[in-house]
Amino acid sequence: LWAAGGSFLPPPVAYAKPAPVDPGYLRRQPRDTLLVGFAGPVANVVVALLAGLGVRLLTGVGEVRLFLVALEFTTLCLAIFHLLPIPGLDGARLVALALPPAARSVYQNLDQYLALWVLVALFLVAGVFSAIVYSLVDALCRLFSGFPCAP
């Protein structure tokens with residue numbers, strides 16, 4: 001049932017890759033940066049909400065219902081993962097807006113090491129990472145479908 005393969009594994013974020021953004025194309029800073037930063041996670045939450053509504057409408061345990069629970073779980077994991085302040089992800093773009101210009105430049109230059117930051121998050125601090133993501137996913141799953149979908 002779990003898209004991650006069990007509760008001892010980190011959330012399913014292997015295919016979570018942020019789209020590169022060139023701020024030169026954004027007309028109104030910082031508003032457009034906020035919109036770009038929230039676009040992906042909001043889209044994931046909308047998909048999870050629709051899947052949760054499908055779970056509420058279906059009765060019994062069938063393959064379609066299990067698929068919708070897995071879809072809801074996975075898209076919520078991706079949404080929350082992208083909002084974490086890991087350099088290279090959407091959450092880091094949003095945090096950078098609150099930093100002074102010099103610190104913002106240093107923080108944004110860390111984006112090139114996204115793979116390293118993800119490895120650190122998934123393996124060195126996996127317990128904290130999993131606890132944050134799974135608790136938020138569980139709360140949202142219960143809200144959307146009335147069914148806990150996090151391990």
Side-chain angles (χ1 to χ4, degrees), residues 1-23 25-26 28 30-99 107-108 110-151:
L1 174 64
W2 307 123
S7 62
F8 62 95
L9 292 176
V13 294
Y15 297 104
K17 183 179 178 193
V21 177
D22 183 359
Y25 289 109
L26 303 177
R28 295 177 61 195
R31 184 200 69 143
D32 290 347
T33 302
L34 281 172
L35 293 175
V36 168
F38 281 120
V42 168
N44 283 330
V45 169
V46 169
V47 170
L49 178 61
L50 293 174
L53 291 174
V55 170
R56 283 186 183 266
L57 295 175
L58 295 174
T59 58
V61 178
E63 290 179 4
V64 173
R65 188 167 194 256
L66 290 176
F67 169 77
L68 291 174
V69 170
L71 178 66
E72 179 183 22
F73 172 75
T74 303
T75 56
L76 285 173
C77 282
L78 291 174
I80 293 168
F81 176 74
H82 273 278
L83 288 175
L84 292 175
I86 297 172
L89 298 178
D90 295 322
R93 275 191 205 122
L94 301 174
V95 168
L97 293 174
L99 296 174
Y107 193 59
Q108 288 173 336
L110 295 175
D111 288 356
Q112 62 187 331
Y113 303 111
L114 173 62
L116 175 65
W117 293 112
V118 170
L119 288 174
V120 166
L122 291 179
F123 294 108
L124 295 182
V125 290
V128 174
F129 173 75
S130 294
I132 292 169
V133 172
Y134 283 144
S135 62
L136 292 171
V137 166
D138 186 55
L140 290 172
C141 280
R142 290 175 190 269
L143 178 68
F144 293 166
S145 65
F147 182 78
C149 62

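- Between I80 and L140 there is a side-chain heavy-atom pair separated by less than 4.5 Å.
- We find the CG-CZ distance between L35 and R28 to be 9.0 Å, quoted to the nearest 0.5 Å.
- Y107 is listed as a side-chain neighbour of V95, based on a closest heavy-atom distance under 4.5 Å.
- The two residues Y134 and C77 have their closest heavy-atom pair at CE2-SG, 4.5 Å.
- Of all non-hydrogen atoms in D90 and V36, the two that sit nearest each other are OD1-O, 4.4 Å.
- Atom CZ in F73 sits 9.5 Å away from atom CG in L78 (nearest 0.5 Å).
- T74 contributes no side-chain N or O that, together with a main-chain N or O of L71, makes up a donor-acceptor pair within less than 3.5 Å.
- Taken from CG in L57 to CZ in R65, the straight-line distance is 10.5 Å, to the nearest 0.5 Å.
- Each of L49, V55, L68 was compared with S145 under the side-chain contact (heavy atoms from CB on, under 4.5 Å) criterion, and only V55 meets it.
- The side-chain contact (heavy atoms from CB on, under 4.5 Å) test applied to L83 returns F38, P41, L94, not counting sequence neighbours.
- Between R56 and G146, the shortest heavy-atom distance links the atoms NH2-N, 3.4 Å.
- In this structure, the separation between OG1 on T75 and CZ on F144 is 8.5 Å, given to the nearest 0.5 Å.
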